[in-house]
Amino acid sequence: MSILDKHSAYRHAYDTLLQHGVDPLNVRFDSVLSPTEGMLNGRRTILLGTNNYLGLTFDPDCIEKSVEATRSQGTGTTGSRVANGTYDSHTRLEHELADFYGRKHAMVFSTGYQANLGVLSALVGRGDHLMLDADSHASIYDGSRLGMAEVIRFRHNNPDDLHKRLRRLEGMPGHRLIVVEGIYSMLGDTAPLKEIAAVKRETGAYLLVDEAHSLGVLGETGRGLAEKAGVEADVDFIVGTFSKSLGSVGGFCVSDSPDFDIMRIVSRPYMFTASLPPGVMASTLEALHKLRTEPKLRSDLMRNAHRLYDGLAAMGFETGPEANPIVAVAMPDQDLAVVFWKMLLESGLYLNLALPPATPTNVRLLRTSVSAAHTIEQIDTALAIFEDVGRRLGFLTDERRRAAGAL
Amino acid sequence: MGPLRSDIADIFEQVLGHPVQIADNTNIVEDLGMDSLGVMNFVMAIEDFYDISIPLDRIAQIITVGDLIHAVEDLRSGTPS
Ligand SMILES: Cc1ncc(COP(=O)(O)O)c(C=O)c1O
């Protein structure tokens with residue numbers, strides 16, 4: 001009897017995976033060579049599952065700024081801002097984020113996960129109502145448990161269901177906060193934000209959008225889905241992360257909400273953890289500058305996303321509903337998903353194997369994420385590997401290809 | 001079986017695709033073999049049927065059919081949890 005026996009169902013599911021001779025939850029790179037290539041089991045491998053949307057992890061300017069800041073400011077802050085003080089780069093980063101979004105306030109957290117925990121727990125409390133999309137990221141669910149608000153799930157991307165649930169709360173005291181994501185991390189689908197904003201206006205709720213996967217990806221200037229959908233004025237709070245398009249680590253929230261700064265002394269995930277180190281903030285600032293001044297990054301990214309999405313769909317693979325930098329391919333069962341993933345890896349293509357309970361509606365996914373740094377040749381190589389494995393496994397049949405219009 | 005029980009049995013049947021025998025002490029996950037997605041679909045069907053929303057912390061407390069009936073009755077009468 002071990003104290004961890006309560007997790008035996010997970011142990012069992014994990015063991016079943018391992019029987020395929022792979023450990024998808026523990027891929028060990030020998031080394032990472034660039035935003036798009038790594039060495040895996042001695043083999044040069046295309047990285048197609050890293051959320052490195054703008055490909056800035058090896059950007060020479062970002063690296064230079066990070067090195068410079070580390071030399072002059074040290075490797076870490078060794079504490080939280082409330083106890084151990086704020087560095088100039090914290091203030092500058094917050095100022096730049098507020099400026100980028102055209103908002104009055106910005107607050108930086110040590111990860112995006114903590115940003116959701118810190119913001120959600122501070123915004124809603126006992127007597128308030130938190131309305132979550134059922135497919136929300138784990139950090140949103142976990143954040144919802146940190147406060148005392150009543151948490152209600154609505155059907156994924158379903159503004160009518162949201163509306164119905166807000167209507168049921170009519171006459172009850174307390175604030176309502178709706179939480180949705182810009183791009184959902186598993187299927188790459190976007191929230192119907194115009195419609196959700198309309199529900200928000202009609203019901204007097206607040207709206208928070210987690211733009212983790214859409215910052216630098218969507219919108220005329222890269223501000224995300226709210227910008228693309230033209231509803232920024234309706235979005236009261238935007239949360240995001242530095243760990244994807246900005247190639248570092250950290251999270252943030254921006255808003256025009258009066259009294260925003262009170263969160264700095266009530267938000268426990270902000271107060272009781274060490275703040276970001278100077279080297280991380282320096283590369284993030286430089287990456288944000290590139291995001292703002294190099295729109296070509298975004299157009300290259302979208303070119304690659306469309307090429308991969310269209311290519312896979314044409315072969316007869318079942319992809320997500322929209323061509324975005326997250327392209328997910330649905331697999332009919334877990335065994336095939338695992339074997340497919342393993343063969344892709346052995347052919348030099350790394351991507352994510354996403355299985356329930358991490359996926360919505362129990363789907364099994366080969367989840368890819370495209371980068372602006374991928375060359376067209378790399379995308380085409382990835383497509384060729386997909387096609388080869390699909391044929392060898394007897395998955396890409398003529399029938400499937402015909403149905404996709406490929407024959 | 002009261003009207004609530006028979007409605008709930010109908011909803012179980014719709015979600016699971018086969019008829020079920022339920023009693024107050026029926027364990028929803030263990031006895032009816034529902035996975036987490038099944039439970040979520042079932043909860044949403046119940047919510048639609050009774051025009052209520054069951055908050056997440058309430059859902060976490062629902063283990064048996066009896067717990068579920070109790071929660072539905074509470075929420076329909078507007079009694080706070
Ligand atoms: C929607 C969403 N929110 C938040 C996060 C957390 O971000 P971070 O990696 O910075 O903790 C992620 C990704 O991990 C995410 O997909």
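A note on names: the letters A, B, ... follow the listed sequences, proteins ahead of strands, and every chain is numbered from 1.
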Residue pair A/R167 / B/D51, side-chain heavy-atom distance below 4.5 Å: yes

Within 6.0 angstrom of A/H156 NE2, more than 12 heavy atoms from elsewhere: yes

Distance (rounded to the nearest 0.5 Å) between B/M44 CE and A/R153 CZ: 5.5 Å

Whether over 12 other heavy atoms sit under 6.0 Å from A/M172 CE: yes

Neighbour count >12 (heavy atoms, 6.0 Å) for atom CD, A/E195: yes

Euclidean distance, A/I152 CD1 relative to B/R58 CZ, rounded to 0.5 Å: 12.0 Å

Heavy-atom side-chain proximity of A/K164 to B/D48 below 4.5 angstrom: yes

Interchain contact, A/F154 with chain B, by part (heavy-atom threshold 4.5 Å): backbone

Non-hydrogen atoms of A/R168 and B/I52 that approach each other most closely: NH1-O, 2.6 Å

A/Y10, OH: over 12 other non-hydrogen atoms inside 6.0 angstrom: no

Considering all heavy atoms, the nearest B/A45-A/R155 contact: N-NH2, 4.3 Å

CZ (A/F340) with more than 12 external heavy atoms under 6.0 Å: yes

Value rounded to 0.5 Å, distance of CE in A/M131 from OG in B/S53: 6.0 Å

